[in-house]
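Computed from heavy atoms alone, side chains included, the values below leave out hydrogens, waters and symmetry copies. Letters A, B, ... mirror the listed sequences (proteins, then strands); counts begin at 1.
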There are 2 protein chains.
Amino acid sequence: MATAATKDRILDAAETLFASHGFAGTSLRALTREADVNLAAVHYHFGSKEAVLRAVLHRIIDPINAERLARLDAVEARAGGHAPPVEAVLEAFLAPPLERMHTLGARGAVVLRFIGRTHNEPAQLVRDLVREQFQVVAGRFARALGRARPSLPRHEVAWRLHCVVGVLSFLLAQTGAQAVLPGLDPRDAAATTRRLVGFLAPGLRAPMTPGRAAPALAARPRPHRRMGTRR
Amino acid sequence: MATAATKDRILDAAETLFASHGFAGTSLRALTREADVNLAAVHYHFGSKEAVLRAVLHRIIDPINAERLARLDAVEARAGGHAPPVEAVLEAFLAPPLERMHTLGARGAVVLRFIGRTHNEPAQLVRDLVREQFQVVAGRFARALGRARPSLPRHEVAWRLHCVVGVLSFLLAQTGAQAVLPGLDPRDAAATTRRLVGFLAPGLRAPMTPGRAAPALAARPRPHRRMGTRR
DNA sequence: GTCTATAACGGGATAGAC
DNA sequence: GTCTATCCCGTTATAGAC
C-alpha cells in the first residue's frame, strides 16, 4: 500500500529528528525534508505536530513497556509466591529497551536515544505523555522491588527506582554519541544489562542511609568557600 | 549601576526559561517579556541568543565545578597520600550542586533544574558547551575514583562515574516538579547528598560484573516475545 | 491521498534615533 | 545604554486544485 508508506516515513523521520533535536528543535519542514514528503501530508495524516509526537511516542514506548511487564510476570511466576530477587526485577526493567536495538536494526540507535531523551525533554507536553504511559509500569516495578526489600520504606524504594530510570535514560540518550561510553557496546544488550544490574543492584540492596554517615563523609573543606557569589 | 541591572535581569530570565523550556523552546521575545527588557537590549549586551546561553551556562556551572575541585583537593589532602574513600569523593562531587540551592535563594530551584537539564539538552550547542566545561572535572574525579578502586579497569570507573552524572542530572532536572521525589527535600542538601551517596557508593564499590551473572539473572521469559513488531 | 499556494504569525537580528 | 521600527525568514496550519 502506497499510502501507509507515507505515514510510516513521516514517523521514521520524526523519530530521528525528535531524538536528535528534541520536539521544539524540530520543525515540520525539516521533518518533510527528511521524510521526503509534502508538508500537507503531515497534516493530512496526523493533523498537527503534536499528534505526530503522540504517535511516535506510542509506537516506541508501548511495546517496550509491554515487554517489561511480561518479563516481570515471568520473573514473579518463577519465584512462585516468594519475592523475586532485586537483580531479576532490575533486569526485567532494563533489558527490554536495550534489546530493542536488535529488533529495530538501523533505527535501533535512534530509538534508544529517543527513549532516553523523552524523560528529560524540555517540552512539557512530552514529559506529560511519557509520565502517563510510564505510570503503570513504574508502579508495578516499585511494588515488586518493595517486596524484595521489605525493610525499606515505600518512598525510599520509589526514589531508588527513580534513580534507576535516571541512569538508564541518561545512558540511552547518548547512544551513538562519540565514544562517551568507553567499553560499552550498545549492540551487546545482554552485556550492557549485566553491567547496569551489577552497578545498580547494590544500591537497591543497600540499607537505609543512616542519619549520620560513614566516617569520611563528614569531610567538608573548612572555610574554603570558593563557590563564587554573583559577579 | 543601572546598566548592570539590565544585563543581570536578562540572565536571570534566561535561566528560568531555558530551565523550563530548553534552548530551542525559549524565544527571545519570551525572554524580553520575562526580563521586562527591550528586545534590542539583548542583542546589545550579548550579541545573539547563543551568546546569552553561553553566559548563563558559565554563570551557573563555573562556581559549582570550582567548588567540586576544591572539595576534592580537601578530601585528598585529608587522606594524606592514600586514596580517599569512594564515599568522600562522591560527596565532593554531589554536594556542590545540591548546596547551591541555599546560596541562591529563590533562584535555587530554577538553577538546579537548569543544571539537570543541560546534560540532556536536545540542542547540540548546549551539550557541547557543557561537555567542554565538564571535562576537567570529570577527569579528575575519575582519577580519584580509580585510585580508590584500583582493581577496576579505568574505563569501568569512567562508565560508573557517567552513571553517577546520569542520576544526579535526572534528579536535578525535576527539582520543583510535582512531588516526583517523595521524601526528598531539595532544601536539605546534606540529607539528599547522604542519600545519594548511600545509593551510589555500593555500585562504585562493586567488583567487575562477571561474564556470567548471579543465578536469578538468567531469568528470561522463554519464547514469549511480545515486543511487538511494527504495526 | 497528494500536491501547490498562501495565510497568519512569530522567530532572530539590525539600523538608527535619542 | 536604551528605545522604536523594520527586515527577512521560517513557522504551523489550511484552502482548494488535481
In whole angstrom, what separates B:N38's CG from C:dA13's C1'?
13 Å
Any side-chain heavy-atom pair of B:K49 and B:L53 under 4.5 Å
no
B:R195 and A:E156: salt bridge (Lys or Arg N to Asp or Glu O under 4.0 Å), yes or no, with the steps?
CA-CA 10 Å; B:R195 205 162 169 189; A:E156 176 71 15; 2.8 Å; yes
Mark up nucleotides 13-18 of chain D, 5' to 3', with B wherever a protein heavy atom is under 4.0 angstrom from a base atom, S wherever such an atom reaches only the sugar-phosphate, and - elsewhere.
BB----
Go through the structure and list residues passing salt bridge (charged side-chain N to carboxylate O under 4.0 Å, His left out) with B:E76, not counting sequence neighbours.
B:R140, B:R147
Apply ring pair (Phe, Tyr, Trp, His ring centres under 6.0 Å) to A:F199 and list each qualifying residue two or more places apart in sequence or on a separate chain.
none
Residues touching DNA chain C, which here means a heavy atom under 4.0 Å, drawn from residues 13-27 of chain B
B:T26, B:S27
OP1 or OP2 of C:dT2 less than 4.0 angstrom from a side-chain nitrogen or oxygen of A:Y44, does that happen here?
no
B:R100 bridged to B:E67 by N-O distance under 4.0 Å
no
Could you list the residues that satisfy ring pair (Phe, Tyr, Trp, His ring centres under 6.0 Å) with B:F134, not counting sequence neighbours?
B:H119
Whole angstrom is fine here: how far is it from CG in B:L31 over to P in C:dA13?
12 Å
Do A:R107 and A:D12 sit within salt-bridge range, that is, some charged N less than 4.0 Å from a carboxylate O?
yes
Please tabulate, for the side chains in residues 22-30 of chain B, all donor-acceptor contacts under 3.5 angstrom to protein atoms that are two or more places apart in sequence or on a different chain.
unit_1 : atom_1 : unit_2 : atom_2 : d
B:T26  : OG1    : B:L17  : O      : 3.2
B:T26  : OG1    : B:G22  : O      : 2.7
B:S27  : OG     : B:A30  : N      : 3.1

Is the distance from OP1 or OP2 of C:dG1 to the nearest side-chain N or O of A:T6 less than 4.0 Å?
no
